[in-house]
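For clarity, every value in this text was computed on a predicted model and none was experimentally measured. For reference, positions follow the sequence shown, starting with 1.
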Amino acid sequence: MKASNVLKLILVLLCINVSTEWPTHTVCKESNLEIYYKSCDPQQDFAFSIDQCPDIPSHTFNIRAAMILRHSIKQLHANIKLIINGKTVLSYSESLCEPDDPKIIFCGKKKGEHIYYEGPVTLGIKEIPQGEYTISAVLTNEDGITVACADFNVKNYLDYY
């Protein structure tokens, strides 16, 4: 009897479909605005949430983000792209952690440490563009290794005019 249980367990383990994709998480879903994200790093997902979804562009809003570092951060670089219909229409890069110039609180964190941020964010834009598009964000360290990666899908049906 025990051998048949072991055989069943082995068959179950072999039949499990191991996916390298993380689930899509809902950041907010209101009548006119939907924001979702998915980690594009096949080895790590992370947590991200927003307190208030309405009026994101015109107000400071609170976010929460958390993850465990798989790589140390001496330097950290952000690469952000706006993608519409599969084409990159805007790219932005910025160094967030440089020696002697840390711009964020988790500069200098080591592999295995927990990163948690809870606090205010202001986008500094007057409105979120209407339509459906993707914002791709990739954070890399000084060795060019991905520290975090996410694709944010935005669906904004609100007409500001």
Task: Heavy-atom closest contact (Lys155 atom, Tyr157 atom, distance) - done: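 Smallest heavy-atom distance, with atoms named: CD-OH, 3.4 Å.
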
TODO: Could you pull out the closest heavy-atom pair between Cys40 and Ala150, with the gap in Å?
DONE: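 So the two residues come closest at SG-N, 3.4 Å.
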
Which atom pairs, one a donor and one an acceptor, fall under 3.5 Å between side chains of residues 61-77 and the rest of the protein, sequence neighbours left out?
{"unit_1": "Arg64", "atom_1": "NE", "unit_2": "Ser49", "atom_2": "OG", "d": "3.4"}
{"unit_1": "Arg64", "atom_1": "NH1", "unit_2": "Asp51", "atom_2": "OD1", "d": "2.5"}
{"unit_1": "Arg64", "atom_1": "NH2", "unit_2": "Ser49", "atom_2": "OG", "d": "3.2"}
{"unit_1": "Arg64", "atom_1": "NH2", "unit_2": "Asp51", "atom_2": "OD1", "d": "3.3"}
{"unit_1": "Arg70", "atom_1": "NE", "unit_2": "Gln44", "atom_2": "OE1", "d": "3.3"}
{"unit_1": "Arg70", "atom_1": "NH1", "unit_2": "Gln43", "atom_2": "OE1", "d": "2.4"}
{"unit_1": "Arg70", "atom_1": "NH2", "unit_2": "Asp41", "atom_2": "OD1", "d": "3.3"}
{"unit_1": "Arg70", "atom_1": "NH2", "unit_2": "Asp41", "atom_2": "OD2", "d": "2.5"}
{"unit_1": "Ser72", "atom_1": "OG", "unit_2": "Lys111", "atom_2": "N", "d": "3.0"}
{"unit_1": "His77", "atom_1": "ND1", "unit_2": "Ser95", "atom_2": "OG", "d": "2.9"}

Roughly how far, to the nearest 0.5 Å, is the [atom2] atom of [Y] from the [atom1] atom of [X]?
X: Cys28; Y: Ile35; atom1: SG; atom2: CD1; value: 4.0 Å
X: Thr88; Y: Ile80; atom1: OG1; atom2: CD1; value: 13.0 Å
X: Asn79; Y: Ser91; atom1: CG; atom2: OG; value: 8.0 Å
X: Lys87; Y: Leu82; atom1: NZ; atom2: CG; value: 14.0 Å
X: Ser136; Y: Lys38; atom1: OG; atom2: NZ; value: 13.0 Å
X: Phe46; Y: His25; atom1: CZ; atom2: NE2; value: 7.5 Å

- [ ] Mind telling me whether Phe48 and Phe152 have parallel, tilted or perpendicular rings, with 30° and 60° as the class edges?
- [x]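 Judged by the thresholds at 30° and 60°, the geometry between Phe152 and Phe48 is perpendicular.
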
Task: Backbone of Ile145 reached by a side-chain donor or acceptor of Asp143 within 3.5 Å - done: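 No, the answer is negative, given that no donor and acceptor are paired below the 3.5 Å cut-off.
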
Shared hydrophobic cluster, [X] / [Y] (ILVMFWY, side-chain heavy atoms < 4.5 Å):
X: Trp22; Y: Val138; answer: no
X: Ile83; Y: Leu139; answer: no
X: Val121; Y: Tyr116; answer: no
X: Tyr36; Y: Ile135; answer: no

- [ ] Taking atom CG of Asn85 as the centre, report whether more than 12 heavy atoms of other residues, nucleotides or ligands fall under 6.0 Å from it.
- [x]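 12 or below, so no.
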
Task: Leu33 side chain near Val154 side chain, heavy-atom distance below 4.5 Å - done: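 Counting from C-beta outward, Leu33 and Val154 do come under 4.5 Å.
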
